[in-house]
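Only heavy atoms go into these numbers, but all of them, side chains included; no hydrogens, no water, no symmetry mates.
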Amino acid sequence: MKTTIDFIYKCAIALTLAYTLSVQSQPLPASIQLAKTVPIADVHLHNYEAYSGSFKDLMDRNNVQWAGAVGYLNDDMRKVLKDRYIAAIGQRELVDILRQGRSFTDPDQWIFKSLFKQAEDGFKDGSLKGFGELHTDNYLSSPRPEFRRRFRLDSPMMRQAYELANRYGAFIQIHSAMNETFSDDLLRLSGEFPQVTTILSHCLPLARPDDLRNLFQQRKNIMCELSGGGPVHASMSTNLGDGKIYTPNGLKPAWKRLIEEFPTQVMLGSDTCCGLEKRYDEIIQEQRDQVLAHLTPTTLEQVAYKNAVRLFKLEMPSRK
């Protein structure tokens with residue numbers, strides 16, 4: 001009798017799992033075609049090479065209209081993409097600080113003084129949109145030991161960045177671990193500097209949907225972007241399974257609920273770091289098929305590009 005009950009129980013679990021996966025894997029009929037054609041803003045596009053013309057070709061054939069918001073400030077990208085480039089600053093300087101073994105929290109260093117002078121000039125003339133990607137704690141998310149660092153978000157250097165960004169309504173894109181200290185710091189700074197929008201890279205690499213929900217509920221000026229959350233990036237790691245946020249079966253239910261609950265606080269990103277430039281087509285296609293097609297049409301458009309257009313004050317492409 002017990003064997004029969006155990007068998008029935010296991011079958012019920014298997015059927016429940018199969019049902020869950022089947023529900024997860026179904027895109028919304030009203031969104032399928034729109035997901036294929038909607039313009040995209042890629043708010044986590046790295047490019048460290050001197051020549052960037054190839055990225056324009058990649059963007060054009062994938063209907064990615066705008067890109068950037070992270071990475072080394074790239075004048076060639078700006079020249080090639082013009083107003084389609086979301087220019088950000090600060091990542092190179094933090095890498096220089098890391099390599100030189102200097103303090104991340106002391107703003108009274110020539111590297112940071114130079115950074116803030118260049119940032120203010122760029123915010124004034126409109127050639128820069130914000131700071132990013134600033135790694136404050138990547139000890140558990142970076143596969144490269146020599147690239148790891150950890151310091152408080154609420155530190156003198158970051159406060160100076162927030163004060164400057166607040167004067168010009170700029171953004172700050174942060175890569176960090178999710179813990180109570182980071183959450184408290186972020187909520188404090190977001191409250192003190194309401195004109196700054198903080199973008200959380202990768203929706204925080206090890207965060208759960210409820211972690212983001214807690215932040216989104218308290219601050220409208222906190223957003224996140226979904227880069228690194230799917231199969232292409234999972235294939236490069238041993239601890240991501242088949243995708244943190246979405247898989248070949250589609251958008252994970254808990255993440256879908258979060259995005260639909262806070263549709264104005266989520267954006268898309270590719271994170272073409274570390275050799276993934278050649279897989280750009282795959283990354284964008286999986287986000288169309290496995291994220292956008294699973295969202296309601298209104299949310300789909302907000303996540304794909306409308307949130308970025310509003311935040312970065314982007315121009316819509318002219319219709320020919």
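Across all their heavy atoms, Ala119 and Leu164 have their closest contact at CB-CD2, 3.9 Å. Closest heavy-atom contact between Leu226 and Gln287: O-NE2, 4.3 Å. Closest approach of Ser227 to His202, counting heavy atoms only: OG-ND1, 2.8 Å. Nearest approach of Thr264 to Asn307, heavy atoms of both residues: CA-OD1, 3.4 Å. For the residue pair Met178 and Leu204, the shortest heavy atom distance occurs at SD-CD1, 3.5 Å. Across Thr198 and Ser190, no two heavy atoms sit closer than the pair OG1-OG, 4.1 Å.
Looking at Arg61 and Asp281, their side chains come closer than 4.5 Å, going by heavy atoms from C-beta outward. For the pair Gln302 and Arg310, the minimum side-chain heavy-atom distance is 4.5 Å or more. When side chains are defined from C-beta on, Ile245 does not count as touching Lys252, because their heavy atoms never get closer than 4.5 Å. Side-chain atoms of Leu186 and Leu200, non-hydrogen and from C-beta on, do get closer than 4.5 Å to each other. A heavy-atom distance below 4.5 Å is not found between the side chains of Leu140 and Pro205. Counting heavy atoms from C-beta outward, Leu292 and Ile40 have side chains that approach closer than 4.5 Å. Inter-residue side-chain proximity for Trp255 and Tyr246 is flagged as unmet; no heavy-atom pair is nearer than 4.5 Å. Looking only at side-chain heavy atoms (C-beta outward), Val43 and Leu311 stay at 4.5 Å or farther from each other.
Going from atom SG of Cys203 over to atom CG of Leu215 covers 10.5 Å, rounded to the nearest 0.5 Å. Atom CE of Met77 and atom CG of Asp75 lie 11.5 Å apart (nearest 0.5 Å). To the nearest 0.5 Å, atom CG of residue Leu276 and atom CG of residue Asp271 are 7.0 Å apart. The CE atom of Met223 sits 7.0 Å away from the OG1 atom of Thr197 when rounded to the nearest 0.5 Å. With rounding to the nearest 0.5 angstrom, the CD1 atom of Ile111 is 11.0 Å from the CG atom of Asp106. With rounding to the nearest 0.5 Å, the separation of CD in Glu277 from CZ in Phe55 is 5.0 Å.
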Practice task
For salt bridge (charged side-chain N to carboxylate O under 4.0 Å, His left out), just list the numbers for Arg213 and Asp210, CA-CA rounded to whole Å, side-chain angles, deciding distance to a tenth of an Å, and then say yes or no.
Solution key: CA-CA 5 Å; Arg213 180 174 284 106; Asp210 281 346; 2.6 Å; yes
Handout entry: side-chain contact (heavy atoms from CB on, under 4.5 Å) between Arg159 and Phe193, worked out
Key = CA-CA 9 Å; Arg159 275 191 165 269; Phe193 303 105; 3.9 Å; yes
Handout entry: side-chain contact (heavy atoms from CB on, under 4.5 Å) evaluation trace for Met158 with Asp185
Key = CA-CA 11 Å; Met158 290 302 301; Asp185 284 358; over 6 Å; no
Handout entry: Leu153 and Ser176: CA distance, side-chain angles, deciding distance, side-chain contact (heavy atoms from CB on, under 4.5 Å) verdict
Key = CA-CA 9 Å; Leu153 180 64; Ser176 181; over 6 Å; no
Exercise for the section: Determine, stepwise, if the pair Gln217 / Glu261 fulfils side-chain contact (heavy atoms from CB on, under 4.5 Å). Expected result: CA-CA 10 Å; Gln217 286 173 337; Glu261 187 177 348; 4.1 Å; yes
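Other residues, nucleotides and ligands contribute more than 12 heavy atoms inside 6.0 Å of the CD atom of Glu146.
Residues that satisfy the ring-ring contact (aromatic ring centres under 6.0 Å, His included) test with Phe182, not counting sequence neighbours, are absent from this structure. Residues that satisfy the salt bridge (Lys or Arg N to Asp or Glu O under 4.0 Å) test with Glu120, not counting sequence neighbours, are Arg167. Taking Phe147 as the reference, His135 meet the ring-ring contact (aromatic ring centres under 6.0 Å, His included) condition, with sequence neighbours excluded. Listed by chain and number, the residues in a side chain to side chain contact (heavy atoms under 4.5 Å, CB included) with Ala177 are Asp137, Asn179 (sequence neighbours excluded). Contacts of Phe312 classified as ring-ring contact (aromatic ring centres under 6.0 Å, His included), with partners at least two apart in sequence or in another chain: Phe171.
Salt bridge Asp121/Lys124: absent, no basic N to carboxylate O contact under 4.0 Å. Using a 4.0 Å cut-off between a side-chain N of Lys or Arg and a carboxylate O of Asp or Glu, Arg208 and Asp211 qualify as a salt bridge. With respect to the salt-bridge test (charged N to carboxylate O, under 4.0 angstrom), the residues Asp60 and Lys56 qualify.
Of the possible donor and acceptor atoms, none in the side chain of His46 sits under 3.5 Å from a partner among the backbone N and O of Ser270. Proximity of a side-chain donor or acceptor of Gln160 to a complementary backbone N or O of Pro156 within less than 3.5 Å is not detected. Under a 3.5 Å cut-off, the side chain of Arg84 and the backbone N or O of Val64 do form a donor-acceptor pair. Formation of a donor-acceptor pair under 3.5 Å by the Arg92 side chain with backbone atoms of Tyr72 is not found in this model. Without hydrogens or angle criteria, Lys129 side chain to Gly68 main chain gives no donor-acceptor distance under 3.5 Å. Between the side chain of Arg78 and the main chain of Ser127, a donor-acceptor pair closer than 3.5 Å is present. One N or O on the side chain of Asn63 and one on the backbone of Thr37 form a donor-acceptor pair closer than 3.5 Å.
With hydrophobic clusters built from ILVMFWY side chains whose heavy atoms lie under 4.5 angstrom apart, Val95 shares a cluster with Ile174. Tyr139 and Leu134 fall into different hydrophobic clusters, where Ile, Leu, Val, Met, Phe, Trp and Tyr residues are linked whenever their side-chain heavy atoms come under 4.5 Å apart, directly or through other members. Val70 and Leu128 are assigned to two separate hydrophobic clusters, defined by single-linkage of ILVMFWY side chains at heavy-atom distances under 4.5 Å. The hydrophobic clustering, which links ILVMFWY residues whose side-chain heavy atoms are closer than 4.5 Å, places Met316 and Met267 together.
Between Leu295 and the options Val266, Leu28, Leu251, a side-chain contact (heavy atoms from CB on, under 4.5 Å) holds for only Leu251. Evaluated for a side-chain hydrogen bond (donor to acceptor under 3.5 Å, both in side chains) with His175, the options Glu133, His44, Gln91 yield exactly one hit, Glu133. Partner of Tyr280 under the side-chain hydrogen bond (donor to acceptor under 3.5 Å, both in side chains) criterion, out of Asp42, Asp57, Asn62: Asp42 alone. The only option from Phe123, Tyr162, Phe112 that meets the ring-ring contact (aromatic ring centres under 6.0 Å, His included) definition with Phe131 turns out to be Phe123.
Side-chain contact of Ser103 with Gln109: a donor-acceptor pair under 3.5 Å is absent, judged by distance alone. Side-chain contact of Ser235 with Arg279: a donor-acceptor pair under 3.5 Å is present, judged by distance alone. Counting only N and O atoms by type, the side chains of Gln173 and Ser201 include a donor and acceptor under 3.5 Å apart.
Residue pairs meeting the salt bridge (Lys or Arg N to Asp or Glu O under 4.0 Å) criterion with at least one partner in residues 283-306, sequence neighbours excluded, are Glu301-Lys306.
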